[in-house]
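Position 1 is the first residue of the sequence; numbering continues from there.
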Amino acid sequence: MKYTTRQSAILLLSDGTIFHGKSIGISGKTFGEVCFNTGMTGYQEIFTDPSYFGQIMVATNPHIGNYGVNDLEVESDSIKIAGLVCKNFSFNYSREGASGSLEDYFAKQNLICISDVDTRALVSYIRDNGAMNAVICTDGTSIEDLKKELANVPNMEGLELASKVSTTEPYFVGDENATYKISALDLGIKKNILRNLAKRDCYIKVFPYNSTYEDLNSFTPDGFFLSNGPGDPDPLFGAIEVAKKILAEDKPLFGICLGHQVIALANGVQTYKMFNGHRGINHPVKNLITGKGEITSQNHGFAVNKEQLDNHPDLEITHLHLNDETVAGMRMKNKNCFSVQYHPEASPGPHDSSYLFDQFVENIKLATAKTM
């Protein structure tokens, strides 16, 4: 193997802390909120997940790129993370089903990456000091100039990002002759969510983030879905209004992650930015209805206020995160509505929670039977 010299690179945090490493060969700089994911596999699905838009991803798995990329293992049409920080970047890969290297994949989309970083020290620092903005620089820009640029990067709290990743035009997924029709509001929807709905005899029309209830209802759907996505849910006034109108009509409604938070806000329950979010594929959740535990795939930096939810007369907590007892799921007592703060479609991750899609379809069946 030929030895190559790689350019020095840095990760500068907004509090002035610097971590040193090497560039993988793509020159430039990129800004975003630094966060970490504890998943051992599924890096391509993570990199293309729209919920990660605007975030610099730290991979806790020491080897990234070792199994290359596959054109089928994407959750959107492009890489959505702002940049990558890792320990060992594999320029060579080994997997029969790979369609190319991660290096080439990043180069085609100009994704800035810093490797050879002490990621254990970095993750420990983020855990102690909280998520914060950062910049990866691989082009030699001075520290003082980087600090000035970094100071102008907006904080994630209060930031609306769904508009950056949502579709601009409605589109359809599934068999048009399917039994059930779903209107989905795209706040940053993952492809595997749509696949899970389609394989359950659903035909889905996906609408842009700024669509109205009237837009979604024009499809005459049997149920409504509010998707995952990036950023703070508070500025999503249009989506919150859509949720209110769906609930007023008592139509079947299911929300995941950002959609879950939007449903809470539609009920007057506040959300908040977490000190450190949940990102990984091994998060333990307890289903309070069945008493069973689930290992879940999670990706969120905001959560629903548990105290307000406990005191709400029409809402009930259905799932709890066992690490910190944050709200992982809820349902309405008086409406055909439920939501979760994690990813039952996984990709990557375990399939413990895929039953939630069955539950949604069952809710639609019951609602349809009532109207017949």
Are M332 and N267 close enough that some pair of their side-chain heavy atoms sits under 4.5 Å apart? yes
Partners passing ring pair (Phe, Tyr, Trp, His ring centres under 6.0 Å) against F172 (at least two apart in sequence or in another chain): Y203, F219
Take N129 and D15 through the test side chain to side chain donor-acceptor pair (under 3.5 Å) and record every step on the way to the result. CA-CA 10 Å; N129 295 276; D15 67 359; 5.4 Å; no
Measuring centre to centre across the rings, with the benzene-like ring taken for any Trp, is F89 within less than 6.0 Å of F91? yes
Linked, directly or transitively: I136 and V123 (ILVMFWY side chains, under 4.5 Å): yes
Does a salt bridge link E214 with K245, judged by any charged N lying under 4.0 Å from a carboxylate O? yes
Assess, by modelled atom type and distance only, whether the side chains of H343 and S297 contain a donor and an acceptor separated by less than 3.5 Å. no
Would F338 and F254 satisfy ring pair (Phe, Tyr, Trp, His ring centres under 6.0 Å), going step by step from the backbone distance to the final call? CA-CA 5 Å; F338 73 102; F254 179 28; 4.4 Å; yes
Show your working on side chain to side chain contact (heavy atoms under 4.5 Å, CB included) between Y52 and I79 and close with a plain yes or no. CA-CA 9 Å; Y52 283 121; I79 294 173; over 6 Å; no
Are side-chain N/O atoms of E45 and T48 paired as donor and acceptor at under 3.5 Å? no
Exercise: identify the closest heavy-atom pair between S227 and L187: OG-N, 2.8 Å
Tell me if the aromatic rings of Y43 and Y67 count as close, with their centers under 6.0 Å from one another. yes
Given side chains that start at C-beta, do those of S94 and N66 come closer than 4.5 Å, heavy atoms only? no
Below 4.5 Å, heavy atoms only, C-beta onward: do R127 and F36 meet side chain to side chain? yes
Gap between atom NZ of K251 and atom CG of N217 - 0.5 Å precision: 4.5 Å
My understanding is that only residues two or more places apart in sequence, or in another chain, count here; which of them pass side chain to side chain contact (heavy atoms under 4.5 Å, CB included) with S211? L185, F207, P208, D215, L216
Taking NZ, NE, NH1 and NH2 as the nitrogens, is one of them in K292 or D352 under 4.0 Å from a carboxylate oxygen of the other? no
Can you list the residues that meet the salt bridge (charged side-chain N to carboxylate O under 4.0 Å, His left out) rule with K108, with sequence neighbours excluded? none
In the structure I gave you, are the side-chain heavy atoms of N70 and R95 within less than 4.5 Å of one another anywhere? yes
Would you check if M156 and D232 make a side-chain contact, meaning some heavy-atom pair closer than 4.5 Å? no
Check salt bridge (charged side-chain N to carboxylate O under 4.0 Å, His left out) between E75 and all other residues, then give those that pass, not counting sequence neighbours. R195
Could you tell me whether R200 and D358 make a salt bridge, using a distance below 4.0 angstrom between a side-chain N and a carboxylate O? yes
Would H321 and Q298 satisfy side chain to side chain contact (heavy atoms under 4.5 Å, CB included), going step by step from the backbone distance to the final call? CA-CA 10 Å; H321 195 295; Q298 301 206 4; 3.4 Å; yes
Do H278 and H283 pair up side chain to side chain, a donor and an acceptor below 3.5 Å, judged on atom types alone? no
Could you list the residues that satisfy side chain to side chain contact (heavy atoms under 4.5 Å, CB included) with Q270, not counting sequence neighbours? Q308
Quick one: are K365 and V361 in side-chain contact, heavy atoms under 4.5 Å? yes
Here the gap from K29 atom NZ to L146 atom CG, rounded to the nearest 0.5 Å, amounts to 6.5 Å
Heavy-atom check, side chain of Y171 versus side chain of T167, under 4.5 Å: yes
D77: partners by salt bridge (charged side-chain N to carboxylate O under 4.0 Å, His left out), with sequence neighbours left out: K80
Against R331, only a single residue in Q359, H319, E316 fulfils side chain to side chain donor-acceptor pair (under 3.5 Å); can you say which? E316
